[in-house]
Amino acid sequence: MAKALPREKSIFCHVPLIHLVPVCHLSKSWNRALFSSLRHFNKPKPWLIVHSQTSRPPYTTAASSVAYDPRSNLWLRINHDPPVEYVSDLRSSNSTLLYMLSISKFSFSFDPLHLTWHQADPPLVWRTDPVVGILDRRHIVVAGGAWDFEDDPLSVEIYDLETRKWDTCESISAIFEHSAASMWLSIAANTKTLYAMEQASGITCSFDPISRIWLGPFDLRHDPNIYFSVIGISRDNLIMLGLLGNSENVKDIKIWELKGESFELFKEIGAMPKELVEKLKEEHASLSSIKISLTGDVLYIFNPEEPKELVVCEIDGRQRVSRWGSLKNSMVNDGGRVTERAVLTCADVSLGDLRKAMKFGKGSFSTVNNGILQ
């Protein structure tokens with residue numbers, strides 16, 4: 001087998017990631033050249049994955065999901081067998097966690113391609129719309145959303161993936177008494193802390209899984225012009241996106257990095273170009289909310305009411321937005337999906353993840369179309 005030369009390293013940067021998997025098996029020299037190219041030339045970037053599910057029982061899902069690979073600028077179809085019985089609405093949290101919660105079962109997945117699912121008993125307290133977040137890939141926090149008057153509506157339980165047991169802890173802060181449900185809160189988590197922010201007010205609490213104590217409240221609204229906000233984690237740092245003005249007249253969409261014990265230190269790291277704000281609105285004159293999905297330094301922003309257009313931004317090593325762009329949502333534009341709802345996740349997908357999926361027959365990949373990131 002011929003040795004891979006520097007020329008091959010530059011060629012690899014033009015080849016889509018899914019087509020590079022066979023190169024790993026050619027020889028050690030080709031393998032070294034490939035991974036050197038991925039480190040120094042066209043590096044992999046977090047994928048956006050759009051999962052579809054019927055909006056009514058029996059909550060079946062399509063036999064495929066679509067994913068956008070920004071490194072290759074391609075929309076891909078991930079063909080797979082439904083890995084679990086779908087017994088309730090499919091939901092996402094932390095950008096990487098997919099889950100379903102019914103009165104008899106808690107199902108969740110956090111691998112990059114969501115081809116592996118875990119099954120657990122449901123929490124002790126039945127909840128209709130709880131806050132759910134995963135910390136350190138071991139603990140899943142389920143808070144609020146209880147519907148029975150006999151239960152504490154702000155109760156918090158933690159599921160330990162190693163012991164496979166639930167444990168109770170301090171209830172979520174009373175500031176969320178009327179909004180301790182996922183529809184009103186924005187959730188973010190790094191390796192140590194879970195953050196929950198009320199989207200309408202910016203009031204935020206943080207949860208430490210070791211001490212099992214909620215800290216706060218903290219007011220993240222340093223600008224009175226913000227009328228809606230969401231939070232996320234970029235490179236282990238807390239960031240906030242805010243809509244400024246009002247829903248009928250959006251003046252700006254900005255991103256801040258937040259630091260300090262009470263998040264008193266804030267730095268604006270980017271402002272969305274006006275033409276992209278208009279794309280998020282689609283045909284509507286108003287914009288009442290946004291949702292985000294992010295991993296690492298790539299952030300996807302969309303309007304939950306009109307998810308046809310996605311805004312993409314990249315954050316550089318200095319925690320500044322280095323690039324803005326827009327992207328057509330391939331799932332929405334795919335015909336025959338009017339009865340389905342879309343759930344988005346975002347994750348780092350490596351050659352190892354792709355190779356594992358193909359090797360064990362969990363998934364196959366095909367190209368849908370070019371991403372045409374503008």
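Bear in mind that the values here come from a model prediction, so they are computed numbers and not experimental data.
Annotation: side chain of Val311 is not in contact with side chain of Phe302 (no heavy-atom distance under 4.5 Å). Counting heavy atoms from C-beta on, the side chains of Phe41 and Leu38 never come closer than 4.5 Å. Counting heavy atoms from C-beta outward, Lys291 and Leu344 have side chains that stay 4.5 Å or more apart. In this structure, the side chains of Phe207 and Leu215 stay at 4.5 Å or more apart for every pair of heavy atoms. Under the 4.5 Å side-chain criterion, counting only non-hydrogen atoms from C-beta, Leu17 is in contact with Leu354. Side-chain contact check for Ser102 versus Pro122: every heavy-atom pair is 4.5 Å or farther apart. Put simply, the side chain of Lys328 does not reach to within 4.5 Å of the side chain of Lys308, judged on heavy atoms. Contact annotation: the side chain of Glu264 never approaches that of Lys259 to less than 4.5 Å [non-hydrogen atoms, C-beta and beyond].
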Quick one: do Tyr159 and Trp166 satisfy ring pair (Phe, Tyr, Trp, His ring centres under 6.0 Å)? Show the steps, please.
CA-CA 4 Å; Tyr159 181 75; Trp166 289 97; 5.1 Å; yes
Using salt bridge (charged side-chain N to carboxylate O under 4.0 Å, His left out), reason through Asp297 and Arg235 one step at a time and then give a plain yes or no.
CA-CA 7 Å; Asp297 53 10; Arg235 296 179 182 268; 3.0 Å; yes
Could you go through the salt bridge (charged side-chain N to carboxylate O under 4.0 Å, His left out) check for Asp167 and Arg212 one step at a time?
CA-CA 11 Å; Asp167 195 10; Arg212 305 200 170 186; 2.6 Å; yes
Is there a side chain to side chain contact (heavy atoms under 4.5 Å, CB included) between Met358 and Val21 once you walk through the steps?
CA-CA 9 Å; Met358 296 176 184; Val21 174; 4.1 Å; yes
For the pair Gln119 and Ser107, evaluate side-chain hydrogen bond (donor to acceptor under 3.5 Å, both in side chains) and give the outcome as yes or no after the intermediate values.
CA-CA 5 Å; Gln119 310 288 347; Ser107 304; 2.6 Å; yes
Trace of the side-chain hydrogen bond (donor to acceptor under 3.5 Å, both in side chains) decision for Ser234 with Asn237
CA-CA 5 Å; Ser234 173; Asn237 297 311; over 6 Å; no
Evaluate the criterion salt bridge (charged side-chain N to carboxylate O under 4.0 Å, His left out) for residue pair Asp252 and Lys274; output intermediate values, then yes/no.
CA-CA 8 Å; Asp252 276 306; Lys274 299 294 184 183; 3.1 Å; yes
Go through Glu157 and Cys169 one step at a time and tell me if the side chain to side chain contact (heavy atoms under 4.5 Å, CB included) criterion holds.
CA-CA 6 Å; Glu157 296 177 67; Cys169 58; over 6 Å; no
Is there a side-chain hydrogen bond (donor to acceptor under 3.5 Å, both in side chains) between Ser350 and Arg355 once you walk through the steps?
CA-CA 9 Å; Ser350 67; Arg355 186 170 56 213; over 6 Å; no
I'd like to know whether Asp208 forms a side chain to side chain contact (heavy atoms under 4.5 Å, CB included) with Thr193, so could you lay out the CA-CA distance, the side-chain angles of the two residues, the decisive distance to 0.1 Å, and finally the verdict.
CA-CA 5 Å; Asp208 181 347; Thr193 308; 5.7 Å; no
With side-chain hydrogen bond (donor to acceptor under 3.5 Å, both in side chains) as the criterion, how do Ser201 and Arg221 come out once you've worked through the C-alpha distance, each side chain's angles and the decisive distance to 0.1 Å?
CA-CA 7 Å; Ser201 68; Arg221 293 285 176 83; over 6 Å; no
Working for side chain to side chain contact (heavy atoms under 4.5 Å, CB included), residues Tyr99 and Ser93
CA-CA 8 Å; Tyr99 68 94; Ser93 179; 4.1 Å; yes
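With 3.5 Å as the limit, one finds a donor-acceptor pair spanning the side chains of Asn73 and Tyr68. Arg127 and Ser155 share a side-chain donor-acceptor pair at under 3.5 Å.
Not one N or O on the side chain of Glu268 forms a donor-acceptor pair closer than 3.5 Å with the backbone of Lys254. Between the Ser72 side chain and the Leu74 main chain, no donor and acceptor come within less than 3.5 Å of each other. Under a 3.5 Å cut-off, the side chain of Asp160 and the backbone N or O of Arg164 do not form any donor-acceptor pair. Not a single donor-acceptor pair under 3.5 Å links the side chain of Asn225 to the backbone N or O of Leu244. No donor-acceptor pair under 3.5 Å is formed between the side chain of Asn249 and the backbone N or O of Asn246. Although no hydrogens or angles enter the test, the distance criterion places a donor-acceptor pair under 3.5 Å between the side chain of Ser322 and the main chain of Glu314. Of the possible polar contacts, none joining the Asn94 side chain to the Ala188 backbone as a donor-acceptor pair under 3.5 Å is found. Judged purely by atom type and a 3.5 angstrom limit, Thr345 has no side-chain atom pairing as donor or acceptor with the backbone of Ser95.
What you find for Trp214 and Ala196 is that their closest heavy atoms are CZ3-CB, 4.4 Å. Shown here for Ile231 and Leu238, the closest heavy-atom pair between the two residues is CB-CD1, 4.1 Å. The two residues Leu90 and Val343 come nearest to each other via the heavy atoms O-CG2, 3.3 Å. In terms of heavy-atom proximity, His222 sits nearest to Phe266 at CD2-CE1, 3.3 Å. The minimum heavy-atom distance between Asp353 and Leu113, with the atom names listed, is O-CD1, 4.0 Å. Contact record, Lys45 with Arg71: N-CB, 4.2 Å, taken as the closest heavy-atom pair.
Checked options Asp348, Thr295, Leu76; the residue passing with Trp47 is Leu76 (criterion: side-chain contact (heavy atoms from CB on, under 4.5 Å)).
Taking hydrophobic clusters as Ile, Leu, Val, Met, Phe, Trp and Tyr residues chained together by side-chain heavy-atom distances below 4.5 Å, Val15 shares a cluster with Leu351. Under the 4.5 Å side-chain heavy-atom criterion for ILVMFWY residues, a single connected hydrophobic cluster contains both Tyr195 and Ile213.
To the nearest 0.5 Å, atoms CE (Met240) and CG (Leu258) are separated by 5.5 Å. If you take CG on Leu97 and CG on Asp111, they are separated by 11.0 Å, rounding to the nearest 0.5 Å.
By the neighbour-count criterion of 12 heavy atoms within 6.0 Å, atom CD of Glu261 is sparsely surrounded, having that number or fewer from other residues, nucleotides or ligands. Few gaps surround NZ on Lys267; more than 12 heavy atoms of other groups in view lie less than 6.0 Å from it.
For an aromatic pair to be called close, the ring centres must be under 6.0 Å apart, and Phe106 with Phe108 satisfies this.
Note: His114 and His51 have perpendicular aromatic rings, judged against thresholds of 30 and 60 degrees for the angle between ring planes. Using cut-offs of 30° and 60° for the angle between ring planes, the Phe263 and Phe218 rings count as perpendicular.
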